Protein chains: 2
Amino acid sequence: MDQSICPRFEKAMGLLSQRWTGLIIYQLLSGPQRFCNMESSIGVSGRVLSERLKDLENEGIVNRAVFPETPVRIEYSLTDKGKSLAPLMEEIEKWSQNWLEV
Amino acid sequence: MDQSICPRFEKAMGLLSQRWTGLIIYQLLSGPQRFCNMESSIGVSGRVLSERLKDLENEGIVNRAVFPETPVRIEYSLTDKGKSLAPLMEEIEKWSQNWLEV
DNA sequence: ATATCCAGTTACTTTATGTAAGTTAGTATA
DNA sequence: TATACTAACTTACATAAAGTAACTGGATAT
């Protein structure tokens with residue numbers, strides 16, 4: 001294994017190539033979301049969603065806000081770092097529309 | 001699980017979120033590569049590299065060319081569909097440079 | 001008292017990936 | 001003739017990641 005690939009690029013790929021991470025970010029680009037909402041709209045299991053949201057929070061990509069209502073409301077949203085992924089998501093969208101069949 | 005996410009986008013994400021797929025495409029953007037070369041430059045095991053290259057060939061993203069030399073030379077390269085991922089890779093590169101530490 | 005809701009967590013199963021050795025074909029070397 | 005070397009895989013086995021479904025806890029509503 002030599003040094004040819006930029007470590008930042010590798011890290012970014014490592015993030016995006018985690019299963020569900022891309023879809024989670026994509027969903028959050030349309031606004032803050034609740035846990036149960038993401039679970040059903042993305043189709044990811046609670047076990048993994050919980051894990052991914054923690055990772056993304058640790059990476060500074062996702063923010064977690066607690067509203068002590070009844071029942072408790074917790075909103076996940078994108079930080080600036082997270083929002084800065086919008087152009088990348090648009091590229092994926094464009095490519096998928098130009099090159100993929102349904 | 002509702003219908004909110006475009007199925008093409010989901011498929012694109014499904015491809016990119018396979019471990020190693022992004023790095024394989026990224027490496028191939030710099031030109032045709034041989035199996036043993038990718039194995040060492042990316043750091044992926046032969047078992048998975050073989051699997052990924054077959055998948056990408058089936059998707060029409062990668063082309064496999066056999067040169068009957070001794071020992072045999074097999075070159076993997078990107079098809080037009082594969083090359084069309086360049087802008088997306090550039091976005092990942094840009095984002096990683098702006099937002100990630102090494 | 002029982003049930004409901006959200007946001008998770010836990011235990012257990014299935015799938016994906018890593019590791020290291022083996023295979024095949026064509027030379028080259030001893 | 002026998003052994004060795006190379007590239008490109010494949011196979012068998014071990015470990016890690018993800019899926020599934022049941023469960024928890026606090027606050028209410030029936």
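Note that this is a predicted model, so its numbers are computed, not measured. All values below were derived from every heavy atom in this structure, side-chain atoms included, with hydrogens, water molecules and symmetry-related copies excluded. A, B, ... follow the sequence lines: proteins, then strands. Residue 1 opens every chain.
- In this structure, the nucleotide among C:dG18, D:dG19, D:dA8 sitting nearest to the side chain of B:F35 is D:dA8.
- Under the 4.0 Å criterion applied to side-chain N and carboxylate O atoms, A:K94 and A:E90 are not assigned as salt-bridge partners.
- Taking side-chain N and O atoms only, A:R52 has a distance below 4.0 Å to OP1 or OP2 of D:dA18.
- Note: CD (B:E39) to P (C:dA21) measures 14 Å, nearest angstrom.
- Nucleic acid contact class of B:Y76 (heavy atoms, under 4.0 Å, all strands): sugar-phosphate only.
- At a threshold of 4.0 Å, the pair A:R8-A:E10 does not count as salt-bridged, since none of the basic side-chain nitrogens sits closer than that to a carboxylate oxygen.
- The interatomic distance linking A:L23 (CG) with D:dA18 (P) rounds to 13 Å, in whole Å.
- Distance from the side chain of A:S50 is smallest to C:dT9 among C:dG26, D:dA8, C:dT9.
- Nearest to the side chain of A:V72, among C:dA7, C:dT27, C:dT17, sits C:dA7.
- Between A:G60 and A:K81, the closest heavy-atom pair is O-CB, 3.5 Å.
- DNA chain D is contacted by both B:R73 and A:S17; B:R73 maps to the nucleotide lying nearer its 5′ end (nearest heavy atom per residue).
- Closest to the side chain of B:I74, from the set C:dT17, D:dC9, C:dG8, is D:dC9.
- Classification of A:R52 and A:E57 as a salt-bridged pair fails, no side-chain N sitting under 4.0 Å from a carboxylate O.
- Distance A:W20 CH2 to D:dT20 P: 9 Å, rounded to the nearest Å.
- Among D:dA7, D:dG26, D:dC9, the nucleotide with an atom closest to any side-chain atom of A:P71 is D:dG26.
- Put simply, B:K54 has a side-chain N or O that comes within less than 4.0 Å of OP1 or OP2 on D:dT10.
- In plain terms, the two heavy atoms of B:K11 and A:L100 that are nearest each other are CB-CD1, 4.0 Å.
- Using a 4.0 Å cut-off, some side-chain N or O of B:T70 falls inside it from OP1 or OP2 of C:dT27.
- At whole-Å resolution of the value, CD in A:Q33 and P in C:dA7 are 11 Å apart.
- Among the nucleotides D:dA7, D:dG19, C:dA7, the one closest to the side chain of B:R34 is D:dA7.
- Summary of the strand contacts: A:S45 and B:L53 both lie near DNA chain D, and taking for each the nucleotide with the nearest heavy atom, the more 5' one is attributed to B:L53.
- B:D55 places its CG atom 17 Å from the P atom of C:dT15, with the value rounded to the nearest Å.
- Checked by atom type and distance alone, the side chain of A:T79 pairs as donor or acceptor with a backbone atom of A:I61 at under 3.5 Å.
- At a cut-off of 3.5 angstrom, the base of D:dA18 holds no donor-acceptor pair with the side chain of A:R19.
- Between the P atom of D:dA7 and the CZ atom of B:R64 lies a distance of 16 Å, rounded to the nearest Å.
- Nucleotide C:dA20 holds its P atom 14 Å from the CZ atom of B:R47, rounded to whole Å.
- In this structure, CD of A:E69 is placed 13 Å from P of D:dA29, rounded to the nearest angstrom.
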